[in-house]
Amino acid sequence: MIDLHSHTNSSDGTLTPAQLVALAKAQNLEALAITDHDTFEGYDAAVPLAEAAGLDLVCGIEVSTRFRGKSVHLLGYFLNHPPMEHFRTWLFLLQESRRERNNEMVRKLNDMGIGIRLEEVEMLGRSITGRPHFARALVQQGYCKSIEDAFRIYLGEGARAHVERKEVNLPEAITLVRDGGGIPVLAHPIRLGKEDRAEEERWIAEFVDSGLLGLEVYHSDHKQVDVERYQSYTRKYQLAPTGGSDYHGDNKPDIQLGEGRKGNLNVPFSILDDLRRRFPDN
Ligand code: AMP
Ligand code: ZN
Ligand code: FE
Ligand code: FE
């Protein structure tokens with residue numbers, strides 16, 4: 001079993017890279033991809049630890065993009081090979097724009113009489129500080145009863161302290177990943193939220209025209225019918241199938257590394273084998 005979608009506390013997971021590597025070994029995973037949001041910090045830290053533990057570690061990233069007003073997540077694999085400087089520079093710019101946004105959210109909260117400081121929020125995050133860390137700070141300081149309340153009242157889309165995040169368009173992000181030497185893969189396609197399956201397929205076909213190379217067929221949120229539908233798209237559009245749990249530690253306690261939700265996941269090593277065959281030197 002492998003897991004090609006996981007998060008450390010470098011983004012919005014709760015385990016350190018060392019703890020995640022140890023968990024992957026304890027679960028007998030044959031390979032693990034760390035796909036933190038907008039940062040390689042967790043992956044970079046895990047490289048020597050995975051090597052010492054004899055774990056096959058895959059370089060990954062997850063970026064939020066926009067497509068026709070919707071937020072769409074894109075995974076990138078194998079970005080540790082040159083030329084990657086260009087891509088890392090882009091990530092740095094993303095982090096700068098997050099910082100501006102975080103300052104603005106602090107200002108909004110302060111204006112409402114909530115005496116929260118950015119340094120306090122940043123202590124909860126690491127290289128990436130986002131709304132989940134704001135939520136935790138609001139709960140810890142007694143302004144909200146729960147994370148859900150924090151999002152409902154202050155941080156959720158349209159809520160009082162919400163600030164839009166600058167996101168690139170999906171086609172642009174696909175190009176950035178490919179120019180960085182990586183494989184762009186559409187994450188959890190079920191979250192496109194297309195009840196109309198014909199429309200879902202049209203969107204995916206458009207992404208393929210923009211250079212998409214893979215589809216996350218296996219995911220904790222996918223039912224068996226979804227898996228079969230996405231498998232058929234990979235054949236029709238010659239996309240590489242990938243899969244992973246989207247493990248976030250205690251931030252999403254119902255999801256287990258490798259096993260997904262209530263064991264609904266079991267991604268075989270052949271998926272990674274196939275990915276490497278399609279894109280040699282990885
Ligand atoms: P950001 O990238 O800073 O906009 O934060 C996005 C993250 O916030 C998502 O990945 C979710 O983990 C989390 N999130 C968004 N909405 C909610 C919500 N209603 N309740 C809990 N977590 C949420
Ligand atoms: Zn996440
Ligand atoms: Fe995602
Ligand atoms: Fe994810």
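As the structure is a computational prediction, the values presented were derived from the model and not from experiment. As the structure lists them, so they are numbered: ligands from 1, and atoms in each ligand from 1.
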Give the ring-plane orientation class for W203 versus F67, where under 30° counts as parallel, over 60° as perpendicular and anything between as tilted. perpendicular
Looking just at side-chain N and O atoms, do S11 and D36 make a donor-acceptor pair shorter than 3.5 Å? yes
Run the numbers on H222 and H188 for ring pair (Phe, Tyr, Trp, His ring centres under 6.0 Å), then give the verdict. CA-CA 8 Å; H222 292 173; H188 38 66; 7.8 Å; no
E148 touching ligand 1 at heavy-atom level, < 4.0 angstrom: no
Under 4.0 Å from one or more heavy atoms of G130, ligand 1 contributes atoms 3 (O)
Given the Fe ion (ligand 4) as the apex, I'd like the angle to NE2 of H7 and OE1 of E62, rounded to 10 degrees. 90°
Could you work out, for atom 1 (P) of ligand 1, the closest of R101, H73, H37 by heavy-atom distance? R101
Regarding H219 and D246, do their side chains bring together a donor and an acceptor under 3.5 Å, going by distance alone? yes
Is there a donor-acceptor contact under 3.5 Å linking the side chains of Q231 and Y218? yes
Any N/O/S atom, backbone or side chain, of H5 lying under 2.8 Å from the Fe ion (ligand 4)? yes
Of all the heavy atoms in G156, does at least one lie under 4.0 Å from an atom in ligand 1? no
What is the closest protein heavy atom to atom 15 (C) of ligand 1, and at what distance does it sit? F151 CE2, 3.3 Å
Yes or no, since that's all I need: does a protein heavy atom fall within a distance strictly under 4.0 Å of atom 11 (C) of ligand 1? no
The expected count of protein N/O/S atoms at less than 2.8 Å from the Zn ion (ligand 2) is 4
To make sure I understand the geometry: which N, O or S atom in D246 is closest to the Fe ion (ligand 4)? OD1
Looking only at protein heavy atoms, what sits closest to atom 9 (C) of ligand 1 is D12 OD2, 4.5 Å
Distance-only side-chain donor-acceptor flag, E200 / Y230, under 3.5 Å: yes
Without swapping roles, check the side chain of Q27 against the backbone of L257 for a donor-acceptor pair under 3.5 Å. yes
Smallest separation among heavy atoms of L124 and A137, with atom names: CD1-N, 3.6 Å
If we count only non-hydrogen protein atoms and require a distance under 4.0 Å, does atom 7 (C) of ligand 1 qualify as touching the protein? yes
So how far is it from R101 CZ to R165 CZ, rounded to the nearest 0.5 Å? 6.0 Å
Distance under 4.0 Å to a non-hydrogen atom of P132: what atoms of ligand 1 satisfy this? 5 (O), 7 (C), 8 (O), 13 (C)
Can you pull out the closest protein heavy atom to atom 4 (O) of ligand 1? Residue, atom name and distance to 0.1 Å, please. R131 NE, 2.8 Å
Does the side chain of H5 come under 3.5 Å of the side chain of E62 through a donor N or O and an acceptor N or O? yes
Residue-ligand contact R98/ligand 1, heavy atom below 4.0 Å: yes
For ligand 1, is there an atom lying under 4.0 Å from some heavy atom of E157? no
Verify the cluster assignment for L138 and I128: are they in a single hydrophobic cluster under the rule of side-chain heavy atoms below 4.5 Å apart? no
L32 and I2: side-chain contact (heavy atoms from CB on, under 4.5 Å), yes or no, with the steps? CA-CA 6 Å; L32 172 75; I2 64 170; over 6 Å; no
Output yes when the distance from some N or O of ligand 1 to some N or O of K252 is under 3.5 Å, and no in every other case. no
Please work out which of the three classes, parallel, tilted or perpendicular, describes the rings of Y43 and F40, given edges at 30° and 60°. perpendicular
Just checking, is any N or O donor in the side chain of Q140 or E120 under 3.5 Å from an acceptor N or O on the other one? no
